[in-house]
Structure formats: C-alpha cells, structure tokens
2 protein chains.
Amino acid sequence: MDQWDAKIRNYSISELASEFGVTARTLRFYEDKGLLNPKRSGQMRIYSGADRARLRLILRGKRVGFTLEEIREMMELKTLDAGGTVHLSVSLQRFRNQINTLKQQRSDIELSIAELEAGCAWLEAKMINREPSEEIKQSARAFEALALARLEH
Amino acid sequence: MDQWDAKIRNYSISELASEFGVTARTLRFYEDKGLLNPKRSGQMRIYSGADRARLRLILRGKRVGFTLEEIREMMELKTLDAGGTVHLSVSLQRFRNQINTLKQQRSDIELSIAELEAGCAWLEAKMINREPSEEIKQSARAFEALALARLEH
DNA sequence: TTTACCATTGACGTTGACGTAAGGGGGATG
DNA sequence: CATCCCCCTTACGTCAACGTCAATGGTAAA
C-alpha cells in the first residue's frame, strides 16, 4: 500500500497520442478547446491517468457523433458542483436529450446493419451461382421487393 | 390492379425537402455528388418514390456517420450488376467492413448511454438532497470511484 | 399585366476539426 | 561540439457539407 501505485503513471503527449491513434496536434487542439488541461513541467505537457480517461471519453464521444463543443459541455456539467437546483435540472434535461439521441442513433445503426447484411446476402448469392439462372433472378427480384418494402416507409 | 398505384407518386424538390427536414439546396448538392438523379421536366427536378427511398438511405447513412462519398460508393455497389467475381468479392469485403464499423459504433453508443445514465443518476441524487449531507458526499465519491474504474481501462 | 411564388444555375462564404509549415528551445548521445 | 529527437507556439491551409446571395425563368392567381 505504498506509493508504488499504478495510478501515478504519467504520459507525454506523443505517448498518449500514439496510444489512441491520434496526433499530438489533436491533443493540443483539444486543450485549446478546453477539453483537456494537462499539467505542465516547464513548457512540456504532462498527462495524468485522469487526462487519459478524459481523452478516452472525448474520442468515444466523437465516434458517436458529438461535436467537441458538446463533449466539453457535458464534461463541464459533471465537474460543476456549484449551481442551484435550476441549473441541475437543466443539466439533467440535456443529458436525457443526449440519451434519446443516442438511442435513435442506435436504431439507425441497427437498420443500417440489416441493410448491409441483406446486401451481403445478395452479393453472396450472386457469387455462388454465376450463370444467370432463373432461380437467382427470382431471388434477386424478391430481395429488391423486400428492400423496397422496407424503404418506402 | 390498374395504374392508380401508390408508387407512381412524384415529388417536387421542396416537397421532398420539407418532408425530410432538409433544404432544397441539400438535394441539389446530393445530385451534384452523384447520390441522386431525379428525372427532369424541362429544368425542374421530378423525384420518384425510388428517389425518395434513396434519400431516406442517404440521410440514415449520414446519421450513422458515413460520408456522402462512402454512401455513394455503397449505393453504386448494389446497382452494379456487371463486374466479375473478383469485383463482387471486393464489394462483399467492403460491406463486411462497414458492418463491423457499425457494430463497433453500436458498442460505443451503448457505453455512452451508460455513461450518461450514470450522470443522470448522479444529478438526480444531488437534486433530491440539496444540503451537503455526508451521505450524499459519500455516494458522490463512490460514483466518482466507479466512473474512474470504468474509465481507466 | 402585375404580383407572387417556386424553380433554376453559378459563385462565393462558413464552420468544425484538424493538417502543415515555419521557427525555436532543451537535453542526450556520438 | 554537432546531431537527433522530442517538445513548444503561431499562423495559415484544407476538406466536407452545406448556406447564402445574385440573377433569371416559368406559371398561376389577382
């Protein structure tokens, strides 16, 4: 239980960048936008485990379509201890909205996956039987019909 | 079974635009990029039900994070009947990659939802008990610890 | 005919998220 | 000492996805 803990590990900018597959420029940019603020040792940036965790959150947020500004706001809301009940309830509403957005997106994604999987099946069918047999043509038309049915509302 | 079918419905540019909550400029832009090509009556664009279906796909693709270029490619792959087995298998691989991307995204989304719901719970706890009781402070610290545990790898 | 409205095609402007180039500091190694 | 490598800041460049503006045309009601 001494101080040789795993959490006192720090990271240089390029370490963190390469670990997450981004450039150093990106990390400096995020700092500029108020998303990160690592400690400094002189000029050099020193990233802690917490900074690393924030970065993970930022990148995940990006992947699901939030802008950097939105991500910054959400992170601020959680570190914002001051502020009355009103402010809290506003924050709560914002979080709930984001959740609904994400759920909508998840459903979009599931539809898209289904769409692409249907496309795969269609391509596979075409590859297995190269000669334009009536059988395949039939299934092709069937697929098209199904696709259309799903698409036209 | 006469021709008073539902599918012969056509749309003007502003009809389609307002139905999907985009501007006419957007539709012209998509056409410029080869994503749509409605028929013309003179200068005016005439959108068919198929065009409408394509638009639906485009917008969904956008919502899940594909670029217009990617969407165009995917749509081309499906209307591309010519091309040998090699081309087909390349297409198939592309589709499979997109599917994996989407599945990754879905998992990201689920993580984000969990994150935000935890944030909601945290805010709610704070609202219910406004006075800074030790009890709440404890649960706050507990939450922070949990969050960190989830975040740091 | 005039007014009103919707359509068209350019062309340039804007925003977010970085890339890239220029110029310079500091330390470790041959 | 010279060379390398990593770090820093400042500032301009870029790309996608449209927005906005200008000038113009067709048609339908007043």
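Letters go in sequence order (proteins before strands), and every chain restarts at 1. Because the structure is a prediction, the values reported are computed rather than measured.
The stretch residues 33-41 of chain B comes close to DNA chain C through B:Arg40, each having a heavy atom under 4.0 Å from the strand.
For the pair A:Lys39 and A:Asn10, the minimum side-chain heavy-atom distance is 4.5 Å or more. Taking the side chain as every heavy atom from C-beta outward, B:Leu35 and B:Arg54 never approach each other to under 4.5 Å. Counting only heavy atoms from C-beta outward, the side chains of B:Thr101 and B:Gln104 never approach each other to under 4.5 Å. Using a 4.5 Å cut-off on side-chain heavy atoms (C-beta onward), B:Leu123 and A:Leu77 make no contact. In this structure, B:Leu92 and A:Trp122 have side chains that are not in contact, with every pair of non-hydrogen atoms separated by 4.5 Å or more. Counting only heavy atoms from C-beta outward, the side chains of A:Val64 and B:Gln105 never approach each other to under 4.5 Å. Residues A:Glu15 and A:Arg9 meet the side-chain proximity criterion, which asks for heavy atoms closer than 4.5 Å.
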- Query: Where do B:Arg63 and A:Asp108 land on the salt bridge (Lys or Arg N to Asp or Glu O under 4.0 Å) test, with the steps shown first?
  - Reply: CA-CA 7 Å; B:Arg63 284 198 300 270; A:Asp108 279 335; 2.5 Å; yes
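Atom CE of A:Met44 and atom C1' of C:dG27 are 11 Å apart (whole Å). Counting to the nearest Å, the P atom of C:dG10 and the CG atom of B:Asp32 are 9 Å from each other.
A search for side chain to side chain donor-acceptor pair (under 3.5 Å) contacts involving A:Glu73 returns A:Arg94, not counting sequence neighbours. Scanning for side chain to side chain contact (heavy atoms under 4.5 Å, CB included) contacts around A:Glu31 gives A:Pro38, A:Arg40, A:Arg45, A:Tyr47, with sequence neighbours left out. When the salt bridge (Lys or Arg N to Asp or Glu O under 4.0 Å) test is applied to B:Asp51, no partner is found at least two apart in sequence or on another chain.
At the heavy-atom level, A:Arg45 lies under 4.0 Å from the strands shown only through sugar-phosphate atoms.
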- Query: What is the per-nucleotide protein-contact pattern of nucleotides 12-17 of chain C, from the 5' end, where B denotes a base atom under 4.0 Å from a protein heavy atom, S denotes such proximity for sugar-phosphate atoms only, and - denotes neither?
  - Reply: -----B
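Along DNA chain C, the nucleotide closest to A:Gln43 and the one closest to B:Gln43 are compared, and the more 5′ of them pairs with B:Gln43.
In this structure, B:Ser14 does not reach the C:dC5 phosphate: none of its side-chain N or O atoms is under 4.0 Å from OP1 or OP2.
When DNA chain D is scanned 5' to 3' for any atom under 4.0 Å from a heavy atom of chain B, the first and last hits are D:dA17 to D:dT20.
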